[in-house]
Amino acid sequence: MLFAMSKSPSIVLTRLDVQRLDEVLNTLDAPVDLLEALENEMLRAKVVSHTRVAPDVVTMNSTVRFADETSGREMVLTLVYPDKAGPEGTISVLAPVGIALLGLKKNQSIDWVGPNGRPLKLKIIDIEYQPEASGDFHL
């Protein structure tokens with residue numbers, strides 16, 4: 001698998017995100033390896049109500065400050081559905097980094113193999129915005 005994880009920390013997804021991501025998986029024509037990687041993450045996640053998710057969890061439409069510990073590069077990106085990706089500062093949930101970030105908590109790290117087999121070690125530094133914590137359930 002192109003985008004396999006070598007270490008899988010526990011992740012949390014909201015029921016609402018899982019329902020919306022299921023629709024994405026069923027309707028999108030994307031590379032099979034990316035679809036499978038996202039599906040595998042969804043299958044291993046602990047699923048909770050969108051009203052009960054902790055504010056330090058990366059949910060869909062969250063703005064996340066994270067670091068690639070292998071390069072030391074720090075980034076702030078908003079995790080979005082594929083149809084909203086493209087504008088600067090967004091990352092699709094179907095991009096390797098997007099799949100890796102989904103469901104992680106602040107201070108968690110994940111080892112991920114990115115494009116061209118490059119190893120990534122991503123660490124969540126902060127969740128600058130989480131829709132559920134702000135009551136924005138319509139996003």
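The figures here come from the full heavy-atom set of this structure, side chains too, leaving out hydrogens, waters and symmetry mates.
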Are the side chain of Asn26 and the backbone N or O of Asp22 linked by a donor-acceptor pair below 3.5 Å? yes

With no hydrogens and no angle check, is any side-chain donor or acceptor of Gln108 less than 3.5 Å from a backbone partner on Lys105?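 Checking the backbone N and O of Lys105 against the side chain of Gln108, a donor-acceptor pair under 3.5 Å is found.
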
Kindly indicate whether the side chain of [X], heavy atoms from C-beta on, has any atom under 4.5 Å from the side chain of [Y].
X      : Y      : answer
Glu132 : Pro55  : no
Ile11  : Arg44  : yes
Met60  : Val93  : yes
Arg20  : Leu16  : yes
Gln130 : Val57  : yes
Leu79  : Asn61  : no
Arg65  : Glu74  : yes
Val76  : Glu128 : yes

From [atom1] ([X]) to [atom2] ([Y]), nearest 0.5 Å:
X      : Y      : atom1 : atom2 : value
Leu38  : Met42  : CG    : CE    : 5.5 Å
Leu104 : Glu41  : CG    : CD    : 8.0 Å
Ile125 : Leu122 : CD1   : CG    : 10.5 Å
Leu35  : Asn40  : CG    : CG    : 11.0 Å

Going hydrophobic residue to hydrophobic residue with side-chain gaps under 4.5 angstrom, can you get from [X] over to [Y]?
X      : Y     : value
Val80  : Val97 : no
Ile91  : Tyr81 : yes
Leu102 : Val48 : no
Val18  : Val12 : no
Val24  : Ile99 : yes

As a quick check of understanding, evaluate side chain to side chain contact (heavy atoms under 4.5 Å, CB included) for Val64 and Leu77, giving each step before the final call. CA-CA 5 Å; Val64 187; Leu77 293 172; 6.0 Å; no

Do Thr59 and Thr14 get their side chains close enough for a donor-acceptor pair, meaning under 3.5 Å?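 Looking only at side-chain atoms, Thr14 and Thr59 do not form any donor-acceptor pair under 3.5 Å.
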
For residues Tyr129 and Asp136, is any side-chain donor paired with an opposing acceptor at under 3.5 Å?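 Result is yes, a qualifying pair exists.
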
Determine whether Arg73 and Met75 satisfy the following criterion, side chain to side chain contact (heavy atoms under 4.5 Å, CB included), listing intermediate values before the conclusion. CA-CA 7 Å; Arg73 191 165 154 228; Met75 292 159 269; 3.8 Å; yes

When you check the gap from the basic side-chain N to the acidic O, do Asp111 and Lys121 get nearer than 4.0 Å? yes

When you look at His50 and Asp17, which way does the side chain to side chain contact (heavy atoms under 4.5 Å, CB included) test go after all the steps? CA-CA 8 Å; His50 62 278; Asp17 282 350; over 6 Å; no

For the residue pair Leu94 and Pro82, what are the closest heavy atoms and their distance? CD1-CG, 3.8 Å

Which heavy-atom pair separates Ile110 from Pro9 by the least distance, and what is that distance? CG1-CD, 3.7 Å

Any chance you could lay out the side chain to side chain contact (heavy atoms under 4.5 Å, CB included) test for Asp126 and Lys106, step after step, and finish with the verdict? CA-CA 6 Å; Asp126 196 19; Lys106 184 176 175 179; 3.6 Å; yes

